[in-house]
Peer 1: 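Quick one: structure below, then a few questions.
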There are 2 protein chains.
Amino acid sequence: MLSISPKSQNMRRTKEEAEQTRNAILEAAVDVFTEKGVARATLEQIAKAANVTRGAVYWHFKNKTDIFMALHDELHRPFIQDLVDGLENTDDDPLESLKSYCIEMVTRIEDDLYLRRVLSLFLLKCDYTGSLQVCQERTIDARREKSEVLSKFFEKAQSRGTLSADLDPKTLTLALSCFIRGIAMEYLENPDSFSIREEAPKLFNVFFRKWN
Amino acid sequence: MLSISPKSQNMRRTKEEAEQTRNAILEAAVDVFTEKGVARATLEQIAKAANVTRGAVYWHFKNKTDIFMALHDELHRPFIQDLVDGLENTDDDPLESLKSYCIEMVTRIEDDLYLRRVLSLFLLKCDYTGSLQVCQERTIDARREKSEVLSKFFEKAQSRGTLSADLDPKTLTLALSCFIRGIAMEYLENPDSFSIREEAPKLFNVFFRKWN
DNA sequence: GACAACATACATACATGAATGTATTTTAAA
DNA sequence: TTTAAAATACATTCATGTATGTATGTTGTC
C-alpha cells in the first residue's frame, strides 16, 4: 500500500506527489472495498486507509462511484484485454494452446494475490445496481469481444480437423466462458475448498478432452 | 405480490392476517432487493411496497438483515435441497439422468420467473460482507452436501462402466458445479445474451460427451 | 532570476438528508 | 382485560457533499 510522503500536513504537493496520492487512494479503496464491501465502505475509511482526509479524496474523485469506476477502468478492463491479447498471440495447435492459456489464467487467480483481491472485488464484493450499472454495461462489450476471439480459436481448430465440424463454435465459446466464470466464482467465494493450482489442469482436461 | 386486506388502517389483525402481512413483506422485499440491490434498499421502500408501514416491518423482523436471512432460509436453501432430492430420485443410467436433470434445472431459471428473481437476488444483487456473511457460510454446507450427491453419481457411473475409471469423480463434480454456476451467472447477468432453453441441451451435451 | 498573480492540492468545518431504531399510541382480537 | 399487530412520532446516528481556509507549487513577466 502506497503511503504519501510525510510532509507536515497541508503543504501543497507537486504534480508527482499528487499522482501518488491519487494512487494511494485507489489502492486503499481496493482494500476497504474488499473488506467492507463497496456499498458499506465509506469515503472516510478509504481516506484514513490512504493516510489522507476526505478532502483529498474529493479533490481527486467525484464520489465513491467515481472511485469504483476508476478502479474498474484501470484494473478490470485491462485484465480482459490482457486475456484477449494472450489469446491472439498463439498460433500452433489452437485447442492445446487455448487449454494451456486457460490453465495459466485461472492459476494466476490463486497465485497473484492482488489479482485475486481485485477480481473478488468486482465479482463478489459489489452489486451492479444503481450507479454502478454503467460499469457492468461496459464489461458486457469487453466480454463480447472476448467471446469473438474464443470463437475464432474453435473455428481454426475445426478448419485444421482437430475439432469435429458438427460442434458449434458459438456453443463451445459459451460453454468455456461459463466454465471459467464458474471456476473463478467458486474459488473466490471459498478459496479453501480447493486449490486452483492443483485442480485447474484436471478441470480443463475434462473440458478439452477429445472433441472429434 | 400479496397485498394485505383493505381494513381501514390501524386495526388489529387476526393471526392469519398477520401471517399474510409477514409474507407480503417478504415478497415485497424480493422485489425491492432485486430492483435496488440489498444494500441500497430501505425498510421504508419495502414497507411501502407491501402496503404497510415500517412499524409492521419492525414488528415481524429485527432489521434488514433479518429479512434477508428469512428469505435466504425460505427460498435459497430449499432450492438447493430440491436439487439434492432431484438428484437422489434417479436410478437408471446415472450420467444420462444427471445430464437431463441439469438441463431441466437450468432451464427453469429462464422459465420460472420467480426463481429467476430469487436467484438473481442471491447471486447478483447482494454482497456477502458484513452482517450477511453468515448466510454465505450456511450455503457452503448445503453446497458440500450437493457435491457429495453429485460425486455418488459419477462413482455409480464408473462402477457401471459408463465412465472411465481414471477420471476422478471429485474433479468431475467440481467441474460440473463450476459449469452450472457459470451458466447461471452469465445468464442472470445478461439474460438477453443467450436463451437457456435453446442452449442448455447443447451446453450439457458438450460437458457430458463420451467419457470413456 | 526575482517576484507577483494565480492555480493546485489538499485539510477543516459545516449543513443536510436520509435511514435507522425505539418509544408511544391505537385498535381490536383473544 | 390483556395483549397482539400494527401505525405514528421521535431521537439519533452517520455518511455525504460542499464551502471555506491555507500554504505552497507554478508560471508568466520584467
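Each chain gets a letter, A, B and so on, in the order its sequence line appears, and its residues count up from 1.
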Peer 1: Please set out all donor-acceptor pairs under 3.5 angstrom arising from side-chain atoms of residues 136-148 of chain B, sequence neighbours excluded.
Peer 2:
residue: B:R138; atom: NH1; partner: B:D73; partner atom: OD1; Å: 2.8
residue: B:R138; atom: NH1; partner: B:D73; partner atom: OD2; Å: 3.4
residue: B:T139; atom: OG1; partner: B:Q136; partner atom: O; Å: 2.6
residue: B:R143; atom: NH1; partner: A:E189; partner atom: OE2; Å: 2.5
residue: B:S147; atom: OG; partner: B:R143; partner atom: O; Å: 3.2

Peer 1: Using the test salt bridge (Lys or Arg N to Asp or Glu O under 4.0 Å), find all partners of B:K64 that sit at least two apart in sequence or belong to another chain.
Peer 2: none
Peer 1: I'd like to check B:L203 versus B:I183 (side-chain heavy atoms, cut-off strictly below 4.5 Å). Are they in contact?
Peer 2: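 A side-chain contact exists here, since the closest heavy-atom pair is under 4.5 Å.
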Peer 1: Is there a side-chain polar atom (N or O) of A:T21 under 4.0 Å from OP1 or OP2 of C:dA9?
Peer 2: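 Negative; the distance criterion is not met.
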Peer 1: What residues in residues 125-134 of chain B put a non-hydrogen atom under 4.0 Å from any atom of DNA chain C?
Peer 2: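 Heavy-atom cutoff 4.0 Å gives no residues at all.
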Peer 1: Give a yes/no on whether any side-chain N or O of B:W59 is located under 4.0 angstrom from OP1 or OP2 of D:dA6.
Peer 2: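 Negative; the distance criterion is not met.
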Peer 1: Taking the side chain as every heavy atom from C-beta outward, state whether B:T107 and B:R197 have any atom pair closer than 4.5 Å.
Peer 2: yes
Peer 1: Once you round it to whole Å, what is the distance between P of C:dA18 and CD of B:Q45?
Peer 2: 11 Å
Peer 1: By the ring pair (Phe, Tyr, Trp, His ring centres under 6.0 Å) test, which pairs, at least two apart or in different chains, include something from residues 105-150 of chain B?
Peer 2: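 Output for this query lists B:F68-B:F122, B:H72-B:F122, B:H76-B:F122.
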Peer 1: Dump the pairs, protein N or O against N or O of nucleotides 20-22 of chain C, anything under 3.5 Å, distances to one decimal.
Peer 2:
residue: C:dT20; atom: OP2; partner: B:L43; partner atom: N; Å: 3.2
residue: C:dG21; atom: OP2; partner: B:Y58; partner atom: OH; Å: 2.5
residue: C:dG21; atom: N7; partner: B:R54; partner atom: NH2; Å: 2.5
residue: C:dG21; atom: O6; partner: B:R54; partner atom: NH2; Å: 2.9

Peer 1: Please list, chain by chain and in numerical order, all residues satisfying salt bridge (Lys or Arg N to Asp or Glu O under 4.0 Å) with B:E198, sequence neighbours excluded.
Peer 2: none
Peer 1: Below 4.5 Å, heavy atoms only, C-beta onward: do A:W211 and B:V206 meet side chain to side chain?
Peer 2: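 In contact.
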Peer 1: Please tell me whether A:T34 and A:S120 have a donor and an acceptor in their side chains that are separated by less than 3.5 angstrom.
Peer 2: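 No, A:S120 and A:T34 have no side-chain donor paired with an acceptor closer than 3.5 Å.
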Peer 1: Output yes when at least one side-chain N/O atom of B:H60 is less than 4.0 Å from OP1 or OP2 of D:dA6, else no.
Peer 2: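 For D:dA6, OP1/OP2 do have a side-chain N/O of B:H60 under 4.0 Å.
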Peer 1: If you pin B:E19 and A:R40 to their nearest nucleotides in DNA chain D, which one's is more 5'?
Peer 2: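 By nearest-heavy-atom nucleotide position, the 5'-most residue is B:E19.
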